[in-house]
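Each chain gets a letter, A, B and so on, in the order its sequence line appears, and its residues count up from 1.
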Amino acid sequence: MLKMLLDPMGGIVITNDGNCILREVDVSHPTAKSMIELSRAQDEEVGDGTTSVIILAGEMLINAEPFVRNNVHPTVIVRGYNYALQEALSICEKLALVVDVNDSERMKSLVQSCIGTKFSSRWNDIMIDMALKAVLTVAREIPTPSSLPPVNDAYSQKMEVDIKRYAKVEKIPGGEISDCAVLSGVMFNKDVTHSKMRRRIENPRILLLDTPLEYKKGESQTNVEITDEEDWNTLLKMEEEYVENMCMEIIAFKPDIVITEKGVSDLAQHYFAKANITAFRRLRKTDNNRVARATGATIVSRTDEIREEDIGTGCGLFEMRKIGEEYFAFFEECRDPKACTIVLRGGSKDVLNEIERNLTDAMQVVRNVVFDPRLLPGGGATEMAVSVGLRKAGLKVEGIQQGPFLAVGEAMEVIPRTLAQNCGVSVIRTVTQLRAKHAAAYEEIENSSADGAFPKCNWGIDGTSGQLVDMEQFGVWEPFSVKIQTIKTAVESACMILRIDDIVSGSKKKGY
Amino acid sequence: MSAPNPASTGLFINGQRETGQDVRIGNVTAAISVANIVKSSLGPVGLDKMLVDDIGDVLITNDGATILKSLEVEHPAARVLVDLANLQDQEVGDGTTSVVIIASELLRRGNDLVKNGIHPTTIISGYRSALKAAVAYIKKEMVVNVSELNDDHLIQAAKTSMSSKIIGKESDFFAKLAVDAVKSVKMNATAADVAGYEAMGQSSASNDSKARFKYPLSAIHILKAHGKSSLESHLIDGGFAINAMRAAQGMPTFVESPSAGEPVKIAMLDMNLQRHRMGMGVQVIVKDPAEIENIKKREMDITKERIRRIIDAGARVVLTTKGVDDLCMKYFVEAGIICARRCNREDLKRLAKATGGRVVTTMADMEGNEAFDAECLGSCDSVREVRIGDGEMLYVYGCKGHGASTIVLRGANEYMLDEMDRALHDSLCVVKRMLESNTLVPGGGAAEAALSVYLDDYAHTIESREQLVIQEYADALLVIPKTLAVNAAKDASELVAKLRSVHAKGQHSSDEADAELKFMGLDLIEGTIRNNLDAGVVEPAISKIKSLRFATEAAITILRIDDRITLNDSKGLAR
């Protein structure tokens, strides 16, 4: 289900995204605040699983409570939790399955499971295709240093996928959701500066600038004292000449399109229009960067330093289109675009915002898989496997820690439980059945006496019908990194909160 | 505090005056209440405090100094304790909680003695002689000289220090991190430093012929980035990370040496690479309008020339604390240089030290020309931009200058990171002290228990009234093992009694086999007594001695007070 949030200004947000919901909610309890931080960290790190991390951390705390009430020392609980975390991670690692990033069928089912719960699930196919295409477009190999000192593996990624910068989502209210598309190029919301300029160019030569094409005063304070009438005229003329010079320098390279981040004066527009050049002004830096990457141009900062290599020729078609009431510049059919724009259409602003959030989640999932192609079964299957695994392992743990150790296992069950609850089937029956399935898998392994073998039981809950299904066949997978991150964050934060035994409020402000 | 005492207001004081026992009781109560706040955070099973300030910001910590620092303490005597914790934090870096607890216990017992008719000056001199005896005993008996410190000892000490903290559960990992970090910044101590150590009385351990080293902790840089798990924190050995990103997307994400053996040069600037502008109030008056154009052009060229000089000097990475104009980016992009702007100046200074370069504030030379000295460039093996969480950082690998290292901490959220930072800082301090002083004492209440037994015996040899005081001092030290046991929810009285009897046996027996008994301390997980030296619960001796000294001095300061005059605000004038 979605949540509708009203902020004090009267704005509304309709969302299903855990982080988004919590960000809007104003809480005053310090512990609750730290929970919200969790969801933010999760969002920034992996971009998905923001809801699960909160549910899981909450459940960890709930399950710790009986121990605290029975006078088990919090540090003992914390220790138990940490053992359990290690165990859970190793179980996950054994369950993991490596996927081929280029296998689009697998990837599709993966993304599907991610945005299955979301609002846009009705247009699943489009969304999935879009997410895949966008990510694969912006993915590029990082030129790896040959003699890299050994670093932590997590940071020596070979691929760079910068969704934040190079996959821009443009939301245009109106139209239908099925009109959404990923451009093989970029698009921005700007009109040409002069109505006479060309509005459709094939294979344009594109020049990108970040300098104003108008007369600009120097940085130093300069005063001109004019004593002579003539001087005034020369001054004016100089200004004109200055602009003319710049334009001529540009025109010498025969670009078809000139885009600058700053202003373009009327005079410059005139020269461009005469030279049959289409000009855009006041483009955002980030947009300019995207155009640069899509078309292969370099952003030039001084007109007298333009070189032939700086001009981008990678774009196949430039066209101005009018959508709704506004004009948009499209740079499409780029050869090897390394940046893209995703055009979203939909009924209203709120719908679009939610679709954007869903799409971002989906893209993050794809990105995570590109980085780490390991998958875990979704639909609560991983959690149940961990839970059952922990229960088995827990019986061997010595000392009081055993209780908390087992409690982590129980807490993991909250995910399948919540899944079952949300699709309206009998919670207890479903979860028990699922547990039995997983436990049976363990029995089998033990009976078959294969040493070191690990039961790969992928049974989970189908989020729509509430039936038990084998996730392997059903095709619901989640990225390894997201799952792992969720479990780690949940346990660690639960530990932190458990360790608090005193709240002192009204301490003094920082820096005073 | 209360109404003015009519008997004592013979003076016309605009304010209140308290004397004698009243003020002493007031002071002691305040000190004890401060100590009670931090008491429950002591020891490996101590818990954390959550501090909420008036805006609602949250701080979660276990560090005594941090807790007290963030409290608004009004009472002057309590303030002394807060300052005491701060002092310990600065001097030693660890043991802030225990120093406060000992001081408050000394005060409480001192106050009781006064009530029983012993004059404060006697108490003070008693405390002093007890302190002297205690320090002498630690140095003579408790200290274990570790002539060749190996990593095990260091890791043990680091683990002991962080055991009470949030990272205690992963102490194996973090202790190693801390030890590696401190070792990586090892550098030769100057003569002045050595003299400093000797003055502090630390020279006992090492022979002077050996070169001394120092370990400047300021060279260890701690960066925090939330996300991932705390176990994914890592140390960049001989490297440096700076929280900055490439200024333009066209720049390469990494730079490495073009050929083997040739380092990557880093320029560190503390100046603007923006279009040059005249200082405030400078007016340029030109006659010829054409000159204006030239001024404009020159403005751009000045910066351009500067950049050219930097590039020509061989810099492959340019970091500046100020801004860089967009129009300058292109030069860097074309030269394949990583440029980052708005870096933290402190970070740059550290990086300069680490890479053997200098932070350049101006390019002007003595002749008034501009030049960029290639000497100022730092060198390293490679520089690379790394995506962490949602942001980017520049990693500098293989710095060629003095040691420097960066620890990148990861954790669930900001509060956790802050607390990890504090905990790690404590451990770093401990490791540093160990390396510098080469001595250690057993922890877990062992040293305190031994001192207590020893002082008790020592008291019997004193014939004056100070005997009582020294006995009280001996008892006061037991507050540490007691609190440890209480925090662990163990039977404090029984455990401490056992501990004392073991120590008494060790000290009184002449049997060689019993000599080891002085290292017996508490095992708080099992609730038993064990040899803490073997169990690896150790602390640097200097930390123990200092915390005793500080605590005693603080207690004495407060006990000496017998009169308190609080002046009323003279209206409108003061403050």
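Contacts between A:D210 and chain B at a heavy-atom distance below 4.5 Å involve the side chain alone, from C-beta outward. A:R40 touches chain B through its side chain: at least one heavy atom from C-beta onward sits under 4.5 Å away, while N, CA, C and O do not. Contact annotation for A:S481: neither backbone nor side-chain heavy atoms come within less than 4.5 Å of a heavy atom of chain B. Proximity to chain B (any heavy atom under 4.5 Å) is restricted, for A:D310, to the side chain, taken from C-beta onward. Interface remark: A:M496 contributes backbone and side-chain atoms alike to the contact with chain B (heavy atom separation under 4.5 Å). Neither the backbone nor the side chain of A:N288 comes within less than 4.5 Å of any heavy atom of chain B. Interface residue A:Q485: only side-chain heavy atoms are found under 4.5 Å from chain B. Using a 4.5 Å cut-off between heavy atoms, A:R290 makes no contact with chain B at all. Heavy atoms of B:K304 lying under 4.5 Å from chain A belong exclusively to its side chain. In this structure, no portion of A:Q401 lies under 4.5 Å from any heavy atom of chain B.
Ranked by non-hydrogen atom pairs under 4.5 Å with chain B, the options A:E492, A:K488, A:E261 are led by A:E492. For the options A:V53, A:L85, A:L209, A:T31, heavy-atom pairs under 4.5 Å to chain B are most numerous at A:T31. Taking A:T211, A:T298, A:V300 one by one and counting their heavy-atom pairs under 4.5 Å with chain B, the maximum is reached by A:V300.
For CD of A:E309, the number of neighbouring non-hydrogen atoms (other residues, nucleotides, ligands) closer than 6.0 Å is greater than 12. Shown here is A:K237, whose NZ atom has no more than 12 heavy atoms of other residues, nucleotides or ligands within 6.0 Å. Annotation: A:F67, atom CZ; neighbour count of heavy atoms from other residues, nucleotides and ligands within 6.0 Å is above 12.
No side-chain heavy atom of B:L47 sits less than 4.5 Å from a side-chain heavy atom of A:I500. Side-chain contact between A:R499 and B:N62 is present, with at least one heavy-atom pair separated by less than 4.5 Å.
Distance CD/B:E414 to CG/A:L38: 11.5 Å, rounded to 0.5 Å.
Partner A:I503 forms a side chain to side chain contact (heavy atoms under 4.5 Å, CB included) with one of B:I60, B:V58, B:V52 and no other, that one being B:V52.
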